[in-house]
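Okay, structure first, notes after.
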Amino acid sequence: MAETKYIFVTGGVSSSLGKGIIAASLAKLLQARGFKSTIQKLDPYINVDPGTLNPYEHGECYVTEDGAETDLDLGHYERFLNVKTSQANNVTTGRIYQSVIEKERRGEFLGKTVQVVPHITNEIKERIQILGKSGEYDIVITEIGGTVGDIESLPYIEAVRQLKWELGDDNALVIHLTLVPYLAAAGELKTKPTQHSVKTLMESGIKADILVCRTEHELSDDIRRKLAIFCNVRQEAVIQSIDASTIYDVPNLMLEEGLDTVVLKKLLLPDDTIPNLERWNQFLQRHKNPKYEVRIGLIGKYVELQDSYKSILEAFIHAGAENEVKVTVESIHSEFINENTIKNKIAHLDGILVAPGFGERGVEGKIDAVRYARENNIPFLGICLGMQMAVIEFARNVLQLKNANSTEMDHETKHPVIDIMEAQKKVTHKGGTMRLGAWTCDLSEGSLVKDIYKSEEISERHRHRYEYNNKYKNELEQAGLKSTGVNPETGLVEIVELEGHPWYVGVQYHPEYKSTVANPHPLFVGFVKAAVTYSKQKNSVKLTQNQ
């Protein structure tokens, strides 16, 4: 294709309607037809990136290969498309204004008064087109964060209006995601919220080309016709997005509704192929028809909000389907784990994952959970802080290094088995200054992880400041906590395994970021497989005892 086409996805009526899932599902359908597609997210908050946001505020922070701390929707994009995203795929108001202000300080505006229009909107338009001008993509889908009518979103909406006019109707379109609520008292679906949302969008100069309507009930032809007439769209462009049992059903639902067909028609693109979703549907078939079930405990400190560990939860879905197993994840708050509660909370589990996090709150509960997994031979996976807790637990309870700790939790600890990286000691700014993005790791011969990865070298994504302290490496290894993965550039330990334990792995990196539908992460696949083995052995013992 000679010219990149642009699709903009806006939202109205309410937040959390699933713009990211709709964008990812459309991109999946277009990809399945042979078009090279990518998605970017424009976020209206003033933070430069979500890296400094509390997970309770914005869910997890997703990290790309190039080290960008981004919105969690980019995780959906990668999981659906199996295509890596980058810094260019996520833009925030903070980054836009930062760039414009820096240009003004350098004198690039030649004395002009810097204003939202045209300077901020021009910067937004430039960012939107970076991926399109790379020559790598046929179609760029841009999701506009927030809800139409929000004051924060206005510069983005204006930039879209301008860009749509500049590109022409055949090269750009707007999909507006809205809500059609069901009022139980009236016993009917209501279209008025959608009508008002579309009107708000039109007040900004943008006409929606396609409506995607979130609903709990089927949209009748009468309702579709009503929406089409009052929202100024064709009836075939009124797309129903009914609640689904899993987000992975949405591409098929959008295919049934003909979303991809309407898009291709409006962009004057060939509609002469059938989307190839064979591999996707094989995944769905395994996911929905498990042959066994295991219970995994996710020990974390932000468990009240599921989005805080979104990539981990999705990685378990991928790994479960690969093993034809239903993975039931029990979220357990580490603050409520102690010697008195641990057995009731953990003894019934088939596997224990100690999750990432920052700060000292809840770490003693994580350490107790690690100890229980180690002493009871329960399959264990520690990620980032979870791996560090494994090192601390082992140092305290096996090496008998009293009060061993991380300097993140205790600056004065006599045994800093986890310590801040030398390069981080003089860092004063918190945003974007951690060890971020993809780093290589050499795997030890004969290790469990080498058998899992089927490789001598791997590349995984990082997000942390504190590291395994190599001063304690010999002591820890001699006692049985083996360092089986090391970064070749820095010599820093990336992976630990426990000698004699059936399945015990701690990793400094975040494997969950790289798990996709097409390529479930091998570490999660191996962990779930080990949980199945443990569960069957445990149930076999129970059966024998009962007999």
Side-chain angles (χ1 to χ4, degrees), residues 63 296-301 309 311-312 315 334 351-360 362-374 378-399 404-409 415-421 434-436 439 441-444 447-450 452-453 458 460-473 476-477 479-487 490-499 501 503-514 521-524 526-527 530:
V63 178
I296 303 287
L298 193 161
I299 317 297
K301 48 197 286 193
Y309 300 112
S311 291
I312 289 175
S334 59
I352 294 172
L353 184 147
V354 176
F358 294 90
E360 62 182 318
V363 298
E364 292 301 324
K366 289 187 175 187
I367 290 169
D368 287 341
V370 174
R371 181 173 187 171
Y372 195 90
R374 178 178 61 81
I378 302 173
F380 166 79
L381 176 59
I383 296 176
C384 200
L385 183 66
M387 175 263 207
Q388 296 173 5
M389 296 299 99
V391 174
I392 292 168
E393 187 279 324
F394 194 85
R396 287 183 185 179
N397 298 313
V398 178
L399 293 182
N405 215 329
S406 165
T407 51
E408 180 182 6
M409 321 305 168
H415 298 292
V417 291
I418 304 296
D419 199 5
I420 193 165
M421 294 184 290
M434 289 185 278
R435 184 182 175 199
L436 292 164
W439 291 69
C441 175
D442 292 339
L443 305 182
S444 300
S447 64
L448 175 61
V449 284
K450 186 176 180 185
I452 288 170
Y453 278 98
I458 59 171
E460 293 282 2
R461 301 179 195 178
H462 291 248
R463 184 175 183 252
H464 57 95
R465 297 183 194 281
Y466 293 81
E467 298 275 2
Y468 180 108
N469 190 341
N470 279 336
K471 292 178 182 177
Y472 292 87
K473 184 177 178 182
L476 289 163
E477 286 207 308
L481 191 65
K482 301 297 183 182
S483 305
T484 57
V486 176
N487 176 259
T490 62
L492 292 169
V493 172
E494 304 273 22
I495 306 171
V496 295
E497 295 179 21
L498 182 60
E499 200 171 49
H501 193 285
W503 209 99
Y504 182 107
V505 177
V507 296
Q508 182 63 80
Y509 49 82
H510 289 260
E512 68 273 21
Y513 291 148
K514 293 185 71 171
H521 197 284
L523 209 51
F524 278 87
F527 181 46

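These numbers come from a predicted model, not from an experiment.
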Would you please test V507 and E460 for side-chain contact (heavy atoms from CB on, under 4.5 Å) and show each step? CA-CA 10 Å; V507 296; E460 293 282 2; over 6 Å; no
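- Remark: the backbone N or O of A355 is not paired with any side-chain donor or acceptor of K301 at under 3.5 angstrom.
- Salt bridge annotation for R396-E364: present, with a cationic side-chain nitrogen under 4.0 angstrom from a carboxylate oxygen.
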Show your reasoning for whether side chain to side chain donor-acceptor pair (under 3.5 Å) applies to E497 and T484. CA-CA 7 Å; E497 295 179 21; T484 57; 3.1 Å; yes
Can you check side-chain contact (heavy atoms from CB on, under 4.5 Å) on L523 and Y509, steps first, answer last? CA-CA 12 Å; L523 209 51; Y509 49 82; 4.1 Å; yes
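- A donor-acceptor contact shorter than 3.5 Å is absent between the side chain of H415 and the backbone of Y472.
- Exactly one of Q508, K514, E512 qualifies for a side chain to side chain donor-acceptor pair (under 3.5 Å) with H510. That residue is E512.
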After noting the C-alpha distance and the side-chain angles of I458 and E494, does the key distance pass the side-chain contact (heavy atoms from CB on, under 4.5 Å) rule? CA-CA 11 Å; I458 59 171; E494 304 273 22; over 6 Å; no
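- Put simply, the side chain of N469 gets close to the backbone of P416: a donor and an acceptor are under 3.5 Å apart.
- For the residue pair A390 and Y504, the shortest heavy atom distance occurs at CB-OH, 3.4 Å.
- Classification of the W503-F527 ring pair by plane angle, with boundaries at 30° and 60°, yields tilted.
- Put simply, the side chain of M389 reaches to within 4.5 Å of the side chain of M409, judged on heavy atoms.
- Rounding to the nearest 0.5 Å gives a distance of 11.0 Å between OH of Y468 and CG of L492.
- Checked against the 6.0 Å centroid criterion, the rings of H521 and Y453 qualify as a close aromatic pair.
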